[in-house]
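The analysis underlying the following values was restricted to heavy atoms, covering all of them including side chains, and did not include hydrogens, waters or symmetry mates.
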Amino acid sequence: MNKKEILKLAKGFRGRAKNCIRIARERVEKALQYSYRDRRNKKRDMRSLWIQRINAGTRQHGVISLFLPLAVLNLKFLFAYLHCFLNSWGCTRPDRPPVPGLIAGFFFSWHVNYGNFMHGLMKENIQLNRKVLSEISMHEPYSFKALVDISRNAFPGNKNVVLPTRKADISINV
């Protein structure tokens with residue numbers, strides 16, 4: 001590059017780097033190295049941002065909570081004994097909870113995370129890239145929830161989750 005081009009590229013630099021050719025040449029060369037490197041880093045950073053947004057959306061829309069009473073789990077007696085022992089209430093009747101009106105049970109919660117979500121989409125052959133999925137998760141929450149539900153039903157690791165029955169697909173022939 002000639003002197004004119006270097007000084008043109010050095011416009012806006014601080015100190016003598018904008019008008020002294022020797023310093024400007026070094027600063028311009030380093031600036032071009034930074035811009036080359038950061039064009040690649042920008043792609044990496046944007047992909048990371050999209051993944052974070054998708055993960056947040058899947059965790060928000062992919063939670064299934066389930067309360068299982070002890071009567072269902074057949075652990076009623078064990079729970080009453082443990083409850084008496086841990087709280088030192090001296091319970092004498094293990095066939096009912098020590099506190100009247102106490103509903104004994106366990107609260108289960110399953111989360112669909114990013115990896116399971118993407119794997120389910122791949123299994124269902126839904127080919128949306130991360131940028132589009134990120135935009136859908138931010139601006140179209142109901143559509144994104146539908147995608148999470150489809151992904152959850154497709155991924156074999158989520159088969160133990162109890163879901164409402166899925167309606168049959170309706171096809172319209174024109």
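The distance from the CG atom of N125 to the CD atom of Q127 is 5.0 Å, given to the nearest 0.5 Å. Distance check: R27 CZ to C20 SG gives 12.5 Å after rounding to the nearest 0.5 Å. To the nearest 0.5 Å, atom CD1 of residue I23 and atom CZ of residue R16 are 3.5 Å apart. With rounding to the nearest 0.5 Å, the separation of OG in S134 from CG in N55 is 11.5 Å.
Summarising the geometry of A10 relative to A17, their closest heavy-atom pair is CB-O, 3.5 Å, with the distance given to 0.1 Å. Closest non-hydrogen pair, F117 versus T58, comes out as CG-CG2, 3.3 Å. Heavy atoms only, all atoms of each residue included: N116 and S151 are closest at O-OG, 3.5 Å. The two residues G120 and A154 make their nearest non-hydrogen contact at O-CB, 3.6 Å. Taking every heavy atom of both residues into account, H61 and K145 meet most closely at O-NZ, 3.5 Å. Between L121 and L133, the closest heavy-atom pair is CD1-CD1, 3.8 Å.
Between R59 and V112, every side-chain heavy-atom pair lies at or beyond the 4.5 Å cut-off. Between S48 and R44, the closest side-chain pair of non-hydrogen atoms is not below 4.5 Å. Here the side chains of I136 and I54 are not in contact, with every heavy-atom distance at 4.5 Å or above.
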Could you walk me through whether K18 and K11 pass side-chain contact (heavy atoms from CB on, under 4.5 Å), step by step? CA-CA 6 Å; K18 67 178 172 280; K11 194 172 187 178; over 6 Å; no

Taking it one step at a time, do R130 and Y114 satisfy side chain to side chain donor-acceptor pair (under 3.5 Å)? CA-CA 11 Å; R130 287 165 183 83; Y114 170 78; 2.7 Å; yes

Worked check of side-chain contact (heavy atoms from CB on, under 4.5 Å) between Q33 and K30: CA-CA 5 Å; Q33 290 173 1; K30 194 65 176 177; 3.4 Å; yes

Full working for side-chain contact (heavy atoms from CB on, under 4.5 Å) between M46 and L49: CA-CA 5 Å; M46 290 307 294; L49 177 66; 4.2 Å; yes

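Grouped with M1 in one hydrophobic cluster are I6, L7, L9, F13, I21, V28, L32, the linkage being side-chain heavy-atom contacts under 4.5 Å among Ile, Leu, Val, Met, Phe, Trp and Tyr residues.
Judged purely by distance below 3.5 Å, without hydrogens or angles, the side chains of R39 and Y34 never pair a donor atom with an acceptor atom.
Tracing side-chain contacts under 4.5 Å through hydrophobic residues (I, L, V, M, F, W, Y), one reaches V148 starting from L128; they form part of the same cluster. Residues V132 and I126 share a single hydrophobic cluster, defined by chaining ILVMFWY side chains whose heavy atoms lie under 4.5 Å apart.
Side-chain atoms of N153 come within 3.5 Å of backbone N or O of D149 as a donor-acceptor pair. Judged by distance alone, with hydrogens and angles left aside, the side-chain atoms of N2 form a donor-acceptor pair with the main-chain N or O of E5 at under 3.5 Å.
Other residues, nucleotides and ligands place no more than 12 heavy atoms under 6.0 Å from the CZ atom of R14. In E29, the CD atom is not crowded: 12 or fewer heavy atoms of neighbouring residues, nucleotides or ligands sit closer than 6.0 Å. The neighbour count for R22 CZ, taken as heavy atoms of other residues, nucleotides or ligands under 6.0 Å away, does not exceed 12.
For the pair R40 and Y36, the distance from NZ or CZ to the six-membered ring centre is under 6.0 Å and the angle to the ring normal is within 45 degrees.
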